[in-house]
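Just follow the structure's listing: the first ligand is 1, and inside any ligand the first atom is 1. Just so you know, residue 1 is the first one in the sequence shown, and it goes up from there.
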Amino acid sequence: MNRFPFFYLVGLSLLLGCTSQKEATHDVIKPNIILIYLDDLGYGDLSSYGATELQTPHIDRLVHGGVKFINGYASSATCTPSRYAILTGRYPWRKNAKILSGTAPLIIDTAQMTLPKMLKKGGYATGLVGKWHLGLGDGSVDWNEQITPGPNEVGFDDAYYMAATQDRVPTVYIDNGYVANLDPNNPITVSYKQPLADVPTAVSHPEKLTMKPLIGHQNTIVNGVPRIGYMKGGATARWKDVDMADHFLAKSQAFIQAHKTEPFFLYYAMQQPHVPRIPHPRFAGKSKLGPRGDVILEADWCIGELMKTLEEEDLLENTLLIFSSDNGPVLNDGYDDQAVELLGDHTPTGGLRGGKYSLFDAGARVPLATYWKGKIKPTVSEALVCQMDLLASLARLVGTEVATSDSQDLLSALLGQTHTGRKALVIEATTRTAYREGDWIMIPPYGGRKLLTDVNIEIGNDTTFQLYNLKEDVAQQHNLAETEPERLKQMLDAFVEIRGE
Ligand code: NG6
Ligand code: CA
């Protein structure tokens, strides 16, 4: 491994931090990188981002001990597009990325540059543990054979994952392209089109339900929970929802231990607090907020355990941790888990407007923090940054050349050395887009419902242009489109140019 580029590229300020002999001679050169990515965690869901009804001490340790971004964005307000962007460094609307079913084909081109491929080029061992949701196979997956292409074909040496979401079949773990613990005598069939014979669903066997659906989620019942899609067989391979968190944690710890003597990149894609929210019994009832709060506490504990492993292995000072979420919060996302009823004074959006699925800011603005013990000085940064920027930024960190267009090199902001980030960003929500520039956000007119009544979220549609100053009006209550026509025009022109329309 060539160690020199790091020193030239990262610059003097970081180098000055490398005082000890140990750091100067090895570990610090290519830090391990761990991307901790939650699912549907809102801007206000952490005590370090203002929550008072939930305490998340382990995540807070990262947020308060590193750079806490207050203008950090996922590319999108739903999962698949955000995950596409964070892994490819490309705007997801260029690919028309949308929430995928459990049988959708892989949407990342295997020739496409990705974050794990770039890091592999830089000498990293790369691992995925957790939620994938970027599609698998080429359109005709046999779940009983090798499932390819998938994460291993887009840059992960080692990948242990669920295909889509916890609420979608197949409800099995996949270990490097093969369903884990599959008994060939009990093969798996998955269908999103028609029901499978003799498979209990929420409609045919409501008495088998331990969690009731409110919207959708009417199909095959697994562990008492009705899912989206139909699945038969695979009895020995089916996951247990209650120990999914422990399972992914153990896999992550094993990956760290297996690669502790070489630079590694771990994408730890946690499932909380996406539905169905099923905490391990150790966490059930631990928050006052019902399962949604309980699984956030569970995720926080897992992150604490991961940190312990890094400390025990003496890796913490040589590991850059990046914490974020794929999109904003939702309470009722289709199951009766009392998220609305038990909310009390908790504000998952942290005062932003909208939520998951929304072009308003709670859709894509999420907690985002970087932590590197001894290297990053604690600070709160206003820099506008997007998860999509990790590709270009980390390429500079590890000294790998990579051609990017949408992904911007914001390494200095990510390391807290500057509070200057992007000038502008296009955000996406259910295939609609909006444009942020400086403190301003412009949402073009979109027809359709303003309120997604199923989830009770305002999604940003209006028949006229919307223009908000997020610094003065974080809750997006004052539409200034009419009073700021020149700004509106300038932003619209810039937006159209990026969108290429
Ligand atoms: C929606 C599901 C929701 C969730 C979401 C994907 C229904 C009614 N709603 O279609 O429960 O699964 O898709 O969430 O089925 S995401 O975080 O993966 O984007
Ligand atoms: Ca999500």
Going through the checks in order, is the salt bridge (Lys or Arg N to Asp or Glu O under 4.0 Å) test met by Lys251 and Asp158?
CA-CA 11 Å; Lys251 293 285 175 191; Asp158 200 2; over 6 Å; no

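- When the shell of 6.0 Å around NZ of Lys98 is examined, it contains 12 or fewer heavy atoms from other residues, nucleotides or ligands.
- Ala434 approaches Ile443 most closely through the heavy-atom pair CB-CG1, 4.0 Å.
- Ligand 1 places these atoms under 4.0 Å from at least one heavy atom of His133: 18 (O).
- Looking only at its N/O/S atoms, Asp39 has OD1 as the one nearest to the Ca ion (ligand 2).
- Of all atoms in ligand 1, listed by their number and element, those nearer than 4.0 Å to a heavy atom of Thr165 are 18 (O).
- For atom 2 (C) of ligand 1, the choice among Gln218, Arg168, Arg227, Gln271 with the nearest heavy atom turns out to be Arg168.
- When each of Leu54, Asp300, Ile59, Leu38 is tested with Leu46 by the rule side chain to side chain contact (heavy atoms under 4.5 Å, CB included), just one qualifies, namely Ile59.
- The closest donor-acceptor contact from the side chain of Ser325 to the backbone of Val366 lies at 3.5 Å or more, if one exists at all.
- Distances below 4.0 Å separate heavy atoms of Asp39 from the following atoms of ligand 1: 17 (O).
- Neither the backbone nor the side chain of Tyr335 has a heavy atom within less than 4.0 Å of ligand 1.
- Ranking the protein heavy atoms by distance from atom 8 (C) of ligand 1 puts Ile215 O, 3.7 Å first.
- For atom 3 (C) of ligand 1, the nearest non-hydrogen atom from the set Val455, Asp333, Thr80 comes from Asp333.
- Close approach of ligand 1 to Val275 is summarised as follows: ligand atoms under 4.0 Å from at least one heavy atom of the residue are 11 (O).
- Two residues are said to be in side-chain contact when any heavy atoms from C-beta on lie closer than 4.5 Å; His133 and Thr165 meet this criterion.
- Atoms of ligand 1 lying under 4.0 Å from at least one heavy atom of Asp167, given by number and element, are 3 (C), 4 (C), 11 (O), 12 (O).
- Shortest non-hydrogen contact noted between Ile107 and Ala97 is CD1-CB, 3.9 Å.
- When side chains are defined from C-beta on, Asp361 counts as touching Tyr73, because their heavy atoms get closer than 4.5 Å.
- With values rounded to the nearest 0.5 angstrom, Cys79 atom SG is found 7.5 Å from Ile99 atom CD1.
- When each of Glu382, Arg422, Arg436 is checked for a side-chain hydrogen bond (donor to acceptor under 3.5 Å, both in side chains) with Asn71, only Arg436 meets the rule.
- The ligand atoms of ligand 1 that sit less than 4.0 angstrom from a heavy atom of His217 are 7 (C), 9 (N), 11 (O), 15 (O).
- Taking any N or O of Thr78, backbone or side chain, none lies under 3.5 Å from an N or O belonging to ligand 1.
- Near Asn327, meaning under 4.0 Å from one of its heavy atoms, ligand 1 places the atoms 17 (O).
- With Asp40 as the partner, the salt bridge (Lys or Arg N to Asp or Glu O under 4.0 Å) test is satisfied by one option alone out of Lys356, Arg292, Lys131: Lys356.
- An angle of 150° is found at the Ca ion (ligand 2) between Asp40 atom OD1 and Asp326 atom OD2, rounded to 10°.
- The distance from ligand 1 to the heavy atoms of Ile228 drops below 4.0 Å at these ligand atoms: 15 (O).
- Regarding atom 14 (O) of ligand 1, its nearest protein heavy-atom neighbour is Lys356 NZ, 2.7 Å.
- For residue Ser82, no N/O/S atom approaches the Ca ion (ligand 2) to within less than 3.0 Å.
- For atom 5 (C) of ligand 1, the closest heavy atom belonging to the protein is Tyr357 OH, 3.5 Å.
- Aromatic rings from Phe248 and Tyr268 are positioned such that their centres are separated by 6.0 Å or more.
- Taking a 4.0 Å cut-off on heavy atoms, Gly334 fails to register as neighbouring ligand 1.
- For atom 16 (S) of ligand 1, the nearest non-hydrogen atom of the protein is Cys79 CB, 3.2 Å.
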